[in-house]
Amino acid sequence: MLTEDASILSTSGHGKPAAATSASGPSTTAVHAGEAREKPGFSITDPIFASSTYTFADTQAIVDFLEQKQVREEYGRYGNPGEKVVEQKLAALEGGEEAVLFASGMAAFVGVLMAHVDAGDEIIFFDECYHRSREFCRKHLTRFGVAYREVPTCDYDAMEAAIGPRTKFLISESPTNPHLSVVDIERFAAIGRRHGVATLIDATLCTPYNLRPLEAGVDYVLHSATKYLGGHNDLLAGAVIGRTALLEPVRRLRGIMGGVNSPHNAYLLERGLKTLALRMERHNTNGLAVARFLESHPRVAQVLYPGLTSHPYHEVAARTMRGCGGLITFFLRGRDGGPATWRETADVVDAVRIPRIGPSLGGVESLIEQPLVMSYWNYTPEERVTFRIPDNMIRLACGIEDAADLVADLAQALESTGRDA
Ligand SMILES: *Cc1c(COP(=O)(O)O)cnc(C)c1O
């Protein structure tokens with residue numbers, strides 16, 4: 001028997017069919033999925049339940065809850081109503097059974113692995129994955145007897161050859177950051193299937209608008225919702241989406257590790273998600289327009305953007321992705337025609353007026369950075385060669401400003417710094 005409380009959580013409510021179904025497009029899904037038709041106070045938006053705990057009318061109500069006769073909340077670390085709305089919206093957007101929301105992308109990543117690996121197991125990564133994800137496995141999971149291996153990104157044969165009897169996870173990001181290599185996710189998922197090994201894709205850079213990894217057979221999709229899903233550079237969150245049977249242990253462990261969102265944060269994410277499809281369309285068109293401009297500019301030696309035909313993984317991207325998002329990596333030519341020095345490169349970063357200088361991506365505001373300075377300053381030159389981070393590399397995360405303004409701004413930055421002093 002479901003009581004009145006359950007109507008807050010149900011996706012339809014009051015007998016009306018849900019506004020978004022599995023056949024709905026991405027924008028209808030982003031706006032409506034996971035939300036009740038009727039909300040407390042007849043509000044169109046979801047209330048923020050600013051509550052750490054949830055009370056019971058009497059002892060029988062506790063017993064009913066424990067015997068799963070009543071769907072409701074108990075204590076904030078195990079969930080809150082706003083979080084459930086976001087989880088259902090994300091599951092609908094990815095076409096997955098269930099989503100588990102975390103306080104950050106890293107909390108989600110750590111949560112999935114801690115729930116599913118045991119001492120003696122082994123994890124295999126494509127080597128361009130987010131460095132903190134690899135660091136967690138390489139430096140920390142190994143302390144608990146979990147082996148860590150890396151193979152070159154998109155070398156599917158090397159990944160398959162590395163699988164052993166205790167391999168538990170194959171992990172990649174797609175596209176990778178900052179090199180923007182695009183994984184053929186069907187091929188990646190097929191390797192996992194053939195060997196009975198779980199596959200996980202960190203799809204932060206594409207979002208469910210541009211790529212649907214679960215449909216390709218991947219087991220877990222991970223997102224830093226801090227980026228495009230939240231979309232406004234105003235929150236941190238993370239999520240993992242997949243089959244309920246795989247995510248139940250993750251949800252239970254989250255309740256113990258405690259990396260949950262505040263109800264206010266969950267609401268901000270719900271609000272950001274409503275415009276996901278609209279924003280991604282703009283990130284996609286801005287990314288392509290700016291990448292084409294940069295490729296045509298004499299001061300730019302090379303542009304990495306999967307939407308350009310010159311990109312090594314353009315064919316895979318064109319076949320599997322709706323668009324390529326806002327992130328562009330490019331390499332600057334110096335005033336002498338060779339690769340720009342780190343200082344010449346920094347001068348261009350400093351000369352732009354619209355993008356703000358900072359790490360991160362996926363928000364409405366464009367961001368620019370020189371990876372050498374922002375992320376690799378304390379590494380040796382040899383390490384930078386290994387990680388393929390040259391001094392003249394710039395990473396630009398296009399926001400949703402007008403493409404013509406971004407292009408004009410980059411043009412003035414490239415030209416004003418390109419003249420001999
Ligand atoms: C930012 C990012 C993460 C980490 O997410 P946080 O929300 O910062 O914890 C993981 N993977 C990718 C691809 C990212 O860009």
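Atoms within each ligand, like the ligands themselves, are counted from 1 in listed order. Residue numbers count from 1 along this sequence.
Side chains of Arg143 and His140: a donor on one and an acceptor on the other come within 3.5 Å.
On a distance-only criterion, Thr226 and ligand 1 share at least one N/O pair closer than 3.5 Å. Residue Leu236 places no N or O, backbone or side chain, under 3.5 Å from any N or O of ligand 1. For Ser224, a nitrogen or oxygen atom sits less than 3.5 Å from a nitrogen or oxygen atom of ligand 1, counting backbone and side chain alike.
The pair Asp350-Arg343 meets the salt-bridge criterion, with a side-chain N (NZ, NE, NH1 or NH2) lying under 4.0 Å from an Asp/Glu carboxylate O. Comment: Glu369 engages Arg395 in a salt bridge, judged by a side-chain N to carboxylate O separation of less than 4.0 angstrom. A salt bridge links Glu87 with Arg254: the distance from a Lys NZ or Arg NE/NH1/NH2 to an Asp or Glu carboxylate oxygen falls below 4.0 Å. The pair Glu270-Lys89 does not meet the salt-bridge criterion, since no charged nitrogen lies less than 4.0 angstrom from a carboxylate oxygen.
Near Met106, meaning under 4.0 Å from any of its heavy atoms, are these atoms of ligand 1: 5 (O), 6 (P), 9 (O). The atoms of ligand 1 that sit less than 4.0 Å from any heavy atom of Ala237 are 7 (O).
Residue contacts with ligand 1 do not include Cys129, since none of its heavy atoms lies under 4.0 Å from the ligand.
Scanning the protein heavy atoms around atom 4 (C) of ligand 1, the nearest turns out to be Tyr130 CE2, 3.6 Å.
Residues Phe169 and Tyr220 place their aromatic rings such that the two centres sit under 6.0 Å apart. Taking the centre of each ring, Tyr267 and Phe49 stay at or above the 6.0 Å mark.
If you look at Lys227 next to ligand 1, the close heavy atoms, those under 4.0 Å, all belong to the side chain. Of the heavy atoms in Ser360, none comes closer than 4.0 Å to ligand 1.
The closest heavy-atom contact to atom 11 (N) of ligand 1, among the options Asn177, Thr204, Asp202, comes from Asp202.
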